[in-house]
Amino acid sequence: QVQLVESGGGTVETGGSMRLSCAASGRSLRGYAVGWFRQAPGKDHEFVAAVGRTGSGTYYGDSVKGRFAISRDNAKNTVELQMHSLKPEDTAVYSCAAGNRVITSSLTNRRQYDFWGQGTQVTVSS
């Protein structure tokens, strides 16, 4: 079992930056794909970013490309999401997820992940 806890959410003004962290316990994240997903009120879950099982590939949703960056720190057993140039439409609950059977072509599919954090609210004020 992998337990995931997100942190770093809050409120930021449009154009600001924020960093989210996903801390894992119970097992090392080595060999696990880790993804960030978000859900705004009344909307479906949206893929934000992911890092593959080997840690060598990073992937982003179209709406965040060029603004967000995902990184893995194996020593700390964490995955971070650095967000820049935030927009009001980035407002959502952000959740991290991990899975050791997620293949590259399925990184955007939240159903492929086995473990989830509780989520952290990100609010971008206009």
Side-chain angles (χ1 to χ4, degrees):
Q1 288 285 340
V2 177
Q3 292 80 43
L4 302 173
V5 178
E6 301 94 340
S7 61
T11 301
V12 65
E13 292 184 348
T14 297
S17 298
M18 183 178 287
R19 184 173 64 190
L20 304 182
S21 181
C22 175
S25 61
R27 205 173 274 189
S28 170
L29 285 178
R30 289 180 188 271
Y32 281 77
V34 179
W36 284 94
F37 294 81
R38 67 187 183 186
Q39 186 174 29
K43 295 188 177 181
D44 290 334
H45 283 90
E46 178 186 7
F47 168 73
V48 177
V51 55
R53 287 183 295 170
T54 63
S56 61
T58 56
Y59 308 86
Y60 298 93
D62 289 340
S63 63
V64 307
K65 279 180 183 176
R67 300 189 297 123
F68 290 12
I70 188 171
S71 61
R72 179 199 292 266
D73 188 330
N74 288 330
K76 295 181 179 179
N77 212 26
T78 60
V79 172
E80 293 192 341
L81 183 69
Q82 181 68 54
M83 305 183 292
H84 297 293
S85 302
L86 284 162
K87 307 174 183 179
E89 51 264 44
D90 293 318
T91 295
V93 174
Y94 286 69
S95 300
C96 65
N100 60 1
R101 299 171 295 171
V102 186
I103 58 176
T104 301
S105 60
S106 298
L107 284 169
T108 61
N109 184 347
R110 64 185 183 94
R111 292 177 177 82
Q112 296 298 312
Y113 294 81
D114 298 311
F115 305 103
W116 288 81
Q118 81 288 351
T120 185
Q121 177 70 46
V122 172
T123 301
V124 184
S125 61
S126 56

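We use all heavy atoms of the structure for the numbers below, so side chains are in, but hydrogens, waters and symmetry mates are not. In this chain, numbering begins with 1 at the start of the sequence shown. Keep in mind that what you see is a predicted model, and the values were worked out from it rather than measured.
- By the criterion of side-chain heavy atoms lying less than 4.5 angstrom apart, applied directly or through intervening Ile, Leu, Val, Met, Phe, Trp or Tyr residues, L20 is grouped together with V34 in one hydrophobic cluster.
- For the pair R72 (side chain) and G52 (backbone), a donor-acceptor distance under 3.5 Å is present.
- In this structure, V48 and M83 have side chains that are not in contact, with every pair of non-hydrogen atoms separated by 4.5 Å or more.
- Atom CD of E89 is separated from atom NZ of K43 by 8.0 Å, given to the nearest 0.5 angstrom.
- T14 contributes a side-chain N or O that, together with a main-chain N or O of S125, makes up a donor-acceptor pair within less than 3.5 Å.
- In the hydrophobic clustering of this structure, I70 groups with L86; members are Ile, Leu, Val, Met, Phe, Trp, Tyr whose side-chain heavy atoms approach within less than 4.5 Å, directly or through other members.
- Between C96 atom SG and E6 atom CD the span is 4.0 Å, to the nearest 0.5 Å.
- N77 places a side-chain N or O within donor-acceptor distance of the main-chain N or O of L29, the cut-off being under 3.5 Å.
- At a threshold of 4.5 Å between side-chain heavy atoms, the hydrophobic network of Ile, Leu, Val, Met, Phe, Trp and Tyr places V2 and W36 in one connected group.
- Between D62 and K65 there is a salt bridge, since at least one side-chain N of the basic residue sits less than 4.0 Å from a carboxylate O of the acidic one.
- Put simply, the side chain of Y59 never gets that close to the backbone of G35: no donor and acceptor are under 3.5 Å apart.
- One finds the CD atom of E46 at 8.5 Å from the CG atom of D90 (value rounded to the nearest 0.5 Å).
- Using cut-offs of 30° and 60° on the angle between ring planes, the pair Y32 and F115 is tilted.
- Closest approach of V124 and T91 over heavy atoms only: N-OG1, 2.8 Å.
- Taking 4.5 Å as the limit, some side-chain heavy atom of Q121 sits within range of a side-chain heavy atom of T123.
- Here the CG-OH distance, from L81 to Y60, works out to 7.5 Å after rounding to the nearest 0.5 Å.
- Both W116 and V102 are assigned to one and the same hydrophobic cluster, defined by single-linkage of ILVMFWY side chains at heavy-atom distances under 4.5 Å.
- Remark: F68 CZ to E80 CD distance equals 14.5 Å, nearest 0.5 Å.
- The shortest side-chain heavy-atom distance between V64 and R38 falls under the 4.5 Å cut-off.
- Not one N or O on the side chain of R19 forms a donor-acceptor pair closer than 3.5 Å with the backbone of G8.
- Once rounded to the nearest 0.5 Å, the distance linking CZ of R30 with CZ of R53 reads 15.5 Å.
- Of all the heavy atoms in Q82 and S17, the pair that sits closest is NE2-CB, 4.1 Å.
- Side-chain N or O atoms of Y113 include one that pairs as donor or acceptor with a backbone N or O of L107 at under 3.5 Å.
- Between S85 and R67, the shortest heavy-atom distance links the atoms O-NH1, 2.9 Å.
- The two residues S95 and G119 come nearest to each other via the heavy atoms OG-CA, 3.5 Å.
- In this structure, T58 contributes its side chain and V51 its backbone to no donor-acceptor pair below 3.5 Å.
- Closest heavy-atom contact between L4 and A24: CD2-CB, 3.7 Å.
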